[in-house]
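The figures that follow rest on heavy atoms only: side chains count, while hydrogens, waters and symmetry mates do not.
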Amino acid sequence: MSQQQQQPRIGTSSSQLQPITYGDVFNVQGELAEKPVTPRDASMMQMAETALLGHTQRGGAASLMQSAASWNVRSGILSSKGGGRSSDASDSDSDSNSDESQNGEDDAITIGEALEAAALTAAQKPVERSDAAAIQAAEVRATGRTTIIPGGIAATAQSAAIRNARMTSDADKAKLADVLTDAASKLPSDKKATRRDAEGVAEAEMRNSPNLKTHPGGISASIAASARLNDQK
């Protein structure tokens, strides 16, 4: 990540203000790099960081995201609800907010959003069989479907895990960020993350792990942290 990069991109007029994106704050590329940092994203990162470390680090990822999200809101580019988009996509704001109200329960963190948090906390982790199993369990619980959705995140994760198993260099392997970025929007339906969901996903991940453990900061940890936060609400 780069504190120096976290600067608003300003054009010649206020209408040309550009949001601070993940690419401005973190060393990421592709679709995730162009995504604006929203208040909801920052809150999820704070939740994940607290769950992993027991506190929020000063100058850490959550702190940087909070600063970026606050600027995006103060500048009028994003909605304070955390689901808004840049001003040049204002026509789709109502659709985005509608999706959130349908998927969430009283602003609770959903399974899809917990998967998106894992795309940040374990972004560069190569996708393994245990990850694919955890993602499949999460997809089943989020959608209520018992079969893998063709072209969905579970199917993508399984394909990635199979390809990665044939590779020797981690640099060439598909990462969790490649599969889970914008996971919530890729699910046909979503639901609030609960403790039972967290237990089911953790069991699937451990059962398919060579050492029978879950990855720190990975999929199970993110869903468990989301469930704990939802319980507190």
Side-chain angles (χ1 to χ4, degrees), residues 1 21-23 25-35 37 41 44-45 48-49 51-52 61 103 109-191 193 197-227:
M1 78 190 69
T21 67
Y22 280 87
V25 181
F26 301 102
N27 182 25
V28 295
Q29 298 177 346
E31 184 179 349
L32 180 60
E34 299 301 319
K35 182 180 179 182
V37 180
D41 294 338
M44 286 195 295
M45 176 57 81
E49 194 169 274
L52 293 174
N103 293 338
I109 298 174
T110 68
I111 291 176
E113 290 170 334
L115 291 174
E116 290 181 356
L120 298 173
T121 57
Q124 297 306 307
K125 181 188 184 300
V127 180
E128 299 176 311
R129 180 182 174 186
S130 57
D131 301 312
I135 292 170
Q136 180 179 349
E139 182 181 87
V140 167
R141 289 178 173 276
T143 64
R145 302 186 183 187
T146 57
T147 57
I148 295 179
I149 301 170
I153 55 174
T156 302
Q158 285 194 353
S159 296
I162 293 172
R163 290 196 307 270
N164 286 351
R166 300 168 182 168
M167 299 180 180
T168 56
S169 173
D170 282 353
D172 298 327
K173 294 180 179 180
K175 309 299 192 298
L176 282 181
D178 299 325
V179 176
L180 296 179
T181 296
D182 291 331
S185 66
K186 297 173 182 176
L187 291 170
S189 57
D190 205 353
K191 65 178 285 290
D197 296 324
E199 291 172 352
V201 173
E203 180 181 351
E205 185 174 343
M206 287 189 293
R207 190 168 60 244
N208 289 274
S209 172
N211 56 12
L212 299 180
K213 294 181 179 180
T214 61
H215 181 76
I219 298 161
S220 298
S222 181
I223 293 180
S226 299

Engineer: Which pair of heavy atoms, one from Ala134 and one from Ile219, lies closest together, and at what distance?
Structural biologist: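 So the two residues come closest at CB-CG2, 3.9 Å.
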Engineer: Side chain to side chain contact (heavy atoms under 4.5 Å, CB included) with Ala122: which residues, sequence neighbours excluded?
Structural biologist: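 For Ala122, the residues satisfying side chain to side chain contact (heavy atoms under 4.5 Å, CB included) (neighbours in sequence not counted) are Lys125, Leu176, His215.
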Engineer: For Asn211, enumerate each residue passing the side-chain hydrogen bond (donor to acceptor under 3.5 Å, both in side chains) test, keeping only those at least two apart in sequence or located in another chain.
Structural biologist: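 Partners of Asn211 under the side-chain hydrogen bond (donor to acceptor under 3.5 Å, both in side chains) test: Ser209.
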Engineer: Does the Asn164 side chain pair with the main chain of Glu128, one donor and one acceptor, at a distance under 3.5 Å?
Structural biologist: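 Checked: no pair found.
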Engineer: Which atom names give the shortest non-hydrogen contact between Val127 and Ala157, and what distance separates them?
Structural biologist: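 For Val127 and Ala157, the tightest heavy-atom pair comes out as CG1-O, 3.6 Å.
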Engineer: Roughly how far, to the nearest 0.5 Å, is CE of Met206 from OG1 of Thr214?
Structural biologist: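 Rounded to the nearest 0.5 Å, the OG1-CE separation comes to 6.5 Å.
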Engineer: Can you run down the salt bridge (charged side-chain N to carboxylate O under 4.0 Å, His left out) pairs that involve residues 151-167, sequence neighbours left out, and say none if there aren't any?
Structural biologist: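 Every candidate salt bridge (charged side-chain N to carboxylate O under 4.0 Å, His left out) pair involving residues 151-167 fails, so no pair, neighbours aside, qualifies.
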Engineer: In Å and rounded to the nearest 0.5 Å, what is the CG to CD distance from Asp170 to Gln124?
Structural biologist: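 Taking CG in Asp170 and CD in Gln124, the distance rounds to 10.5 Å.
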Engineer: Please name the pair of heavy atoms, one in Ser222 and one in Ala117, separated by the smallest distance, quoted to 0.1 Å.
Structural biologist: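 Smallest interatomic distance, heavy atoms only, reads OG-CB, 3.4 Å.
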Engineer: Which heavy atom of Met167 sits nearest to which heavy atom of Asp172, and what is that distance?
Structural biologist: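 Heavy atoms of Met167 and Asp172 come nearest at SD-O, 3.3 Å.
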Engineer: To the nearest 0.5 Å, what is the distance between CD1 (Ile149) and OG (Ser189)?
Structural biologist: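 Ile149 atom CD1 to Ser189 atom OG measures 7.0 Å (nearest 0.5 Å).
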Engineer: Sequence neighbours left out, what passes salt bridge (charged side-chain N to carboxylate O under 4.0 Å, His left out) with Arg129? Give chain and number order.
Structural biologist: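 Here no residue qualifies.
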Engineer: Any idea which heavy atoms bring Leu120 and Tyr22 closest together, and the distance?
Structural biologist: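 What the structure gives for the nearest pair is CD2-CE2, 3.4 Å.
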Engineer: Please name all residues satisfying side-chain hydrogen bond (donor to acceptor under 3.5 Å, both in side chains) with Glu205, sequence neighbours left out, ordered by chain then number.
Structural biologist: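 Checked Glu205 against side-chain hydrogen bond (donor to acceptor under 3.5 Å, both in side chains); matches are Ser220.
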Engineer: Which residues pass the side-chain hydrogen bond (donor to acceptor under 3.5 Å, both in side chains) test with Lys186, not counting sequence neighbours?
Structural biologist: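 Not a single residue meets the side-chain hydrogen bond (donor to acceptor under 3.5 Å, both in side chains) criterion with Lys186.
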Engineer: My understanding is that only residues two or more places apart in sequence, or in another chain, count here; which of them pass side chain to side chain contact (heavy atoms under 4.5 Å, CB included) with Thr181?
Structural biologist: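 Thr181 satisfies side chain to side chain contact (heavy atoms under 4.5 Å, CB included) with Leu32, Ala119, Ala177 once adjacent residues are dropped.
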Engineer: My understanding is that only residues two or more places apart in sequence, or in another chain, count here; which of them pass side-chain hydrogen bond (donor to acceptor under 3.5 Å, both in side chains) with Asp178?
Structural biologist: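 For Asp178, no residue satisfies side-chain hydrogen bond (donor to acceptor under 3.5 Å, both in side chains) once neighbours in sequence are set aside.
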Engineer: Can you list the residues that meet the salt bridge (charged side-chain N to carboxylate O under 4.0 Å, His left out) rule with Glu199, with sequence neighbours excluded?
Structural biologist: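 With neighbours one apart ignored, the set is empty.
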Engineer: Taking Asn208 for its side chain and Ala133 for its backbone only, find out whether a donor-acceptor pair lies under 3.5 Å.
Structural biologist: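 No; judged by distance alone, with no hydrogens or angles, the pair does not exist.
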Engineer: Minimum heavy-atom separation for Ile148 and Ala154, please, with both atom names.
Structural biologist: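 Scanning both residues completely, I find the closest heavy atoms to be CG2-CB, 4.2 Å.
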Engineer: Let me see the working for Leu187 and Glu139 under side-chain contact (heavy atoms from CB on, under 4.5 Å), right down to the final yes or no.
Structural biologist: CA-CA 7 Å; Leu187 291 170; Glu139 182 181 87; 3.9 Å; yes
Engineer: Which side-chain hydrogen bond (donor to acceptor under 3.5 Å, both in side chains) pairs, counting each pair once, include a residue from residues 142-161, with sequence neighbours left out?
Structural biologist: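 Listed by first then second residue: Gln136-Gln158.
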Engineer: Only counting residues at least two apart or in another chain, list the ones meeting side chain to side chain contact (heavy atoms under 4.5 Å, CB included) with Ala138.
Structural biologist: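 Partners of Ala138 under the side chain to side chain contact (heavy atoms under 4.5 Å, CB included) test: Ile111, Leu115, Val201, Ile223.
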